[in-house]
Amino acid sequence: MYGRQKITEYLSSIIKSAFENISGADNISPSIQIETPKEERNGDFSTNIAMKYSKALAMNPRQLADLIVENIGNDHKYISKVQVAGAGFINFYMNNDWLYDELDIILSEKYAYGQNKLAESKRINVEYVSANPTGPLHIGNARGGAVGDALANIYKWAGWECEKEFYLNDAGNQIKKFAQSLSARYMQLYQEDYPFPEDGYRGEDIILIAENYKELFADKLLNVPDSVREAELADFGLKINIDNMKKVLDQYGVAYDTWFKESDLHNSSAIDDIVTILTENGATYEKDGALWFKATDYDCEKDEVLIRQNGVPTYYLADIAYHFNKLSVRNFDLAVDVWGADHHGHVHRMKMALKAAGIDPERLHIVLMQLVRLVKNDEAVRMSKRKGEIVTLDELIEDVGVDAARFVFNSYAPSTHMDFDLDLAIKQSSENPVFYVQYAYARMCSILEAVEITDILPDFVLLNSKQEIALLKRMADFSTQIELSAKEFDPSRMTKYAYDLASDFHSFYNACRVKSEDEVLTVTRYRLLEGCRYILKNTLDILGVSAPQKM
RNA sequence: GCGCCAGUAGCUCAGUCGGAUAGAGCAACGGCCUUCUAAGCCGUGUGUCAGGGGUUCGAAUCCCUUCUGGCGCGCCA
């Protein structure tokens, strides 16, 4: 544990023993809450324990608080004063030693600072983007990529063994449509009035793939059965699309440990296996020639088809098999999926299917992202595929850059409906938070390069200005922010942290000079900045945003 | 009709699993560079926390209800 986490533990144990020394309280096991008061005059930390347990001990809160404070005593290393205030808050005023001790740890652990270890090793699988390989990645996938990737990084820092995964939907109905569309476009290159399937994919990209095939293989597929042409073109097109997705995601800084193919489920016994399990658990029945999941037994609105009348498994069934594979076959402790909010209807029935298969549904967590609306000149940009409008991820990267895109997508909690302001994202000014943060990093680097230090030892006690203390406190909060981000499945907390850290640094910069006549002060502030730089770099790494040494 | 998500300053959003006088950024105005990066800093004010009711020492936060917006409710994925 680090920084604030550690000092919270420290205070908790002091409070706990003081509380348990009160007669009548020894059989209560108190849950202790430590928070940071908003008002500075209320101390550095506070607890509400006296208000919480006053009833159980038949005392008024202030009276109980006084007793606890009495038991706490005044001989603790990091505490300078303890006071009762308000309705019964116990406020702790700290000396700065815990911050100085933390800076020591930061400087010795460097870029590894803040990497927690869990008591027992836990494995997590984070799945995100997982776009259909029937077309290019779009703006919604871009948000999913930024959120999922950062979230996976956060879990690594929080001590989990984490795997990043892309679920490749390379089977099923949409692939069939993809094949038929390609086939029709290919035929149209030879015969203009060749019919195009009613619900086919009408995008430009399908035509390009067909033309691409024709360039390479000419009329090879002109006089073959439809099924042969469709299969061949689907393979051809999938390879192109998947390669493109990998390329663009790579540019975007998103790299996966696993590409899991849906087709592998269909080509193995995985589908049959899950059907057997569900059936053995009495969760299926047959009706109208189809196999159904009795979802209504599991608090769902209606039952769901697993295997259609024509014998083809539904996407839902494949998805159940997929999640069963993650949680049972591969045995991850936790599976996190990042989905667009338009799939929210799928969440409950997926969890319930897992429950029916004997898996604790709590082991699957779905992060729902609200949809992104593009804004330009204060107007919503239609996401139609008309030319010149940014709809795909590679266009977005080209237009606003990876850093701005990833920073902006992670500036909002996934649950908020966000507007992506294209004008703002490309503005290289203070209005654009990503530059504000990166500028702070570049400034730190430049100072650390410009200032020459000798090997004399720093004296952290010299760090006592308002700005220095604020910066140290912020640095000590890093690990807590990771913990909270993980708990809430919300990477935007880290973006906000990066901004706050940058802000505290900029304030420090304007108030305190590093280079000075005083050699000890110079080296002391140098070390402070050094520590700060490690943390800002780590935060930007988590977000997938680059940390430029010069700007 | 049923369900999920949201509603906080002019705008975009925070708000530490119920805490003390609800906070940032942007936008507006005024100040700060002969010294380490002015893409920066400092200062000035703004609220019916969508409305109503309830729970308790205490509610933006929890419960009920109404309103508004987004999205779902296929033998599609």
Side-chain angles (χ1 to χ4, degrees), chain A residues 4 33-39 41-42 46-48 51-52 54-55 60-61 85-89 91 132 134 169 172-175 177 199 262 287-292 301-302 304-310 312-316 318-319 340-348 368-371 373 375 378 411-419 421 424 427-433 435-440 442-451 467 477 480-481 483-484 487-488 492-493 496 499-500 502-503 505-516 522 525-526 529 550-551:
Chain A
R4 205 193 136 143
Q33 227 175 310
I34 307 276
E35 46 196 33
T36 309
K38 267 173 263 175
E39 298 280 326
R41 63 184 170 81
N42 287 329
S46 79
T47 180
N48 59 0
M51 282 120 89
K52 227 166 160 181
S54 61
K55 214 173 240 176
N60 79 53
F89 291 99
N91 294 335
N132 270 332
T134 51
N169 302 118
N173 231 335
Q174 86 281 5
I175 296 299
K177 259 200 284 188
D199 54 350
E262 184 186 349
K287 195 181 93 184
D288 304 333
L291 186 74
W292 294 71
E301 284 175 30
K302 55 187 174 47
E304 302 284 343
V305 171
L306 297 175
I307 299 177
R308 301 181 182 94
Q309 207 171 27
N310 62 10
V312 179
T314 58
Y315 172 83
Y316 179 46
D319 220 15
D342 51 338
H343 288 80
H344 72 255
H346 199 48
V347 174
H348 191 241
L368 286 177
M369 287 180 318
Q370 293 299 326
L371 303 179
R373 207 170 60 128
V375 174
D378 289 328
S411 292
Y412 309 94
S415 62
T416 56
H417 304 252
M418 68 168 284
D419 288 346
D421 189 328
L424 179 58
K427 249 187 220 169
Q428 311 223 336
S429 74
S430 61
E431 290 171 61
N432 189 346
F435 290 102
Y436 180 85
V437 174
Q438 289 183 317
Y439 181 63
R443 234 181 184 182
M444 287 175 206
C445 292
S446 135
I447 297 166
L448 291 174
E449 197 163 325
V451 176
Q467 291 81 2
D477 203 30
T480 304
Q481 293 305 319
E483 191 191 2
L484 289 171
K487 200 163 112 188
E488 295 165 9
S492 73
R493 193 175 268 285
K496 189 171 182 302
Y499 189 90
D500 289 340
S503 173
F505 159 73
H506 282 311
S507 295
F508 160 79
Y509 173 86
N510 276 274
C512 312
R513 282 188 58 80
V514 176
K515 194 196 258 175
S516 72
T522 301
R525 287 183 170 161
Y526 183 97
L529 273 203
K550 281 201 172 80
M551 277 178 80

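Residue numbers start from 1 in every chain, and the chains themselves are labelled A, B, ... in the order their sequence lines are given, proteins ahead of strands. Both backbone and side-chain heavy atoms feed into the values below; hydrogens, waters and symmetry mates do not.
OP1 or OP2 of B/C76 has at least one side-chain nitrogen or oxygen of A/R308 nearer than 4.0 Å. Contact annotation: A/R493 side-chain N/O to B/G15 OP1/OP2 distance is under 4.0 Å. At least one side-chain nitrogen or oxygen of A/S507 sits closer than 4.0 Å to the OP1 or OP2 atom of B/C42.
Closest to the side chain of A/F89, out of B/A6, B/C75, B/A20, is B/A20. Side-chain proximity of A/K496 to the nucleotides B/G19, B/A14, B/G74 is greatest for B/A14. Nearest nucleotide to the side chain of A/W292, out of B/C75, B/C41, B/G19: B/C75.
When the ring-ring contact (aromatic ring centres under 6.0 Å, His included) test is applied to A/Y316, the partners found at least two apart in sequence or on another chain are A/H346. Residues satisfying the ring-ring contact (aromatic ring centres under 6.0 Å, His included) test with A/H506, not counting sequence neighbours, are A/Y436, A/Y439. Annotation: side-chain hydrogen bond (donor to acceptor under 3.5 Å, both in side chains) contacts of A/E35 (sequence neighbours excluded): none. Every side-chain hydrogen bond (donor to acceptor under 3.5 Å, both in side chains) that A/N169 has, sequence neighbours left out, goes to A/E262. In this view, A/D342 and A/L371 satisfy the side chain to side chain contact (heavy atoms under 4.5 Å, CB included) rule, not counting sequence neighbours. Residues that satisfy the side-chain hydrogen bond (donor to acceptor under 3.5 Å, both in side chains) test with A/K177, not counting sequence neighbours, are absent from this structure. The side chain to side chain contact (heavy atoms under 4.5 Å, CB included) test applied to A/I447 returns A/V451, A/F505, A/Y509, A/V514, A/L529, not counting sequence neighbours.
Regarding A/N310, its CG atom lies at a distance of 14 Å from the C1' atom of B/G74, rounded to whole Å. To the nearest angstrom, C1' of B/G74 lies 13 Å from CG of A/D199. Taking atom CG of residue A/N173 and atom P of nucleotide B/G74, one finds them 16 Å apart after rounding to whole Å. Distance, A/L484 CG to B/U16 C1': 6 Å, rounded to whole Å. A straight line from CD of A/E304 to P of B/A77 spans 12 Å, rounded to a whole angstrom. Rounded to a whole Å, the NZ atom of A/K302 is 7 Å from the C1' atom of B/G74. Per the geometry, OH belonging to A/Y316 stands 14 Å off C1' belonging to B/C73, to the nearest Å. The distance from atom OH of A/Y499 to atom C1' of B/A24 is 8 Å, rounded to the nearest whole Å.
Comparing the P positions of B/A22 and B/C13 gives a spacing of 23 Å, expressed to the nearest Å. Going from the P atom of B/U8 to that of B/A50 covers 6 Å, rounded to whole Å. Atom P of B/A59 sits at a distance of 13 Å from the matching atom of B/C49, rounded to the whole Å. Comparing the same atom, C1', in B/G7 and in B/U16 gives a spacing of 22 Å after rounding to whole Å. Using atom P as the reference point in both B/C73 and B/G58, the two lie 45 Å apart (nearest Å).
There is no side-chain donor-acceptor pair under 3.5 Å between A/R513 and A/T522. At a cut-off of 3.5 Å, with distance as the only test, no side-chain donor of A/S411 or A/S492 sits close to an acceptor on the other residue.
Projected onto RNA chain B by closest heavy-atom contact, A/Y315 and A/H344 fall at different nucleotides, the more 5' of which corresponds to A/H344. The nearest heavy atom of RNA chain B to A/T47 and to A/H343 marks one nucleotide each, and the one closer to the 5' end goes with A/T47.
Expressed to the nearest 0.5 Å, how far CZ of A/R443 lies from NZ of A/K550 amounts to 16.0 Å. With rounding to the nearest 0.5 Å, the separation of CG in A/D477 from CG in A/L484 is 8.0 Å.
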Self-check item: Contact pattern, 5' to 3', of nucleotides 54-60 of chain B - B, S or - by protein heavy atom under 4.0 Å
Solution: ---S---

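Classification of B/C67 as anti follows from a glycosidic angle more than 90° from 0.
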Are any protein N/O atoms closer than 3.5 Å to N/O atoms in nucleotides 29-38 of chain B? If there are, list each pair with its distance.
residue	atom	partner	partner atom	Å
B/U35	O2'	A/R513	NH2	3.1
B/U35	O2	A/R513	NE	3.3
B/C36	O2	A/K515	N	3.2
B/C36	N3	A/V514	N	3.0
B/C36	N4	A/Y509	O	3.1
B/C36	N4	A/C512	O	2.9
B/U37	OP1	A/S446	OG	2.4
B/U37	OP2	A/S446	OG	3.4
B/U37	O2'	A/Y439	OH	2.5
B/U37	O2'	A/R443	NE	2.7
B/U37	O4	A/A442	O	3.2
B/U37	O4	A/M551	N	3.4
B/A38	OP2	A/R443	NH2	2.4
B/A38	OP2	A/Y509	OH	3.0

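Nucleic acid contact class of A/R41 (heavy atoms, under 4.0 Å, all strands): base. Residue A/A413 is classed as a sugar-phosphate contact, given heavy-atom separations below 4.0 Å to backbone atoms only. Within 4.0 Å of A/Q370, counting heavy atoms only, lie sugar-phosphate atoms of the nucleic acid but no base atom. In this structure, A/Y412 reaches the sugar-phosphate backbone alone: every heavy-atom distance under 4.0 Å involves primed, P, OP1 or OP2 atoms, never a base. At a threshold of 4.0 angstrom between heavy atoms, the contacts of A/D477 with the nucleic acid are absent. At the heavy-atom level, A/N42 lies under 4.0 Å from base atoms of the strands shown. Among the heavy atoms of the strands lying under 4.0 Å from A/S46 is at least one base atom, whether or not backbone atoms are also near.
A stacking contact between A/H348 and B/G3 is absent: the pair does not combine a ring-centre distance of less than 5.5 Å to the base's six-membered ring with planes differing by less than 30°.
Nearest heavy atoms, A/M51 versus A/G88: SD-C, 3.4 Å.
Figure legend. B/G43 is base-paired to B/C29; pairs are counted as Watson-Crick or G-U wobble with both atom distances under 3.5 Å.
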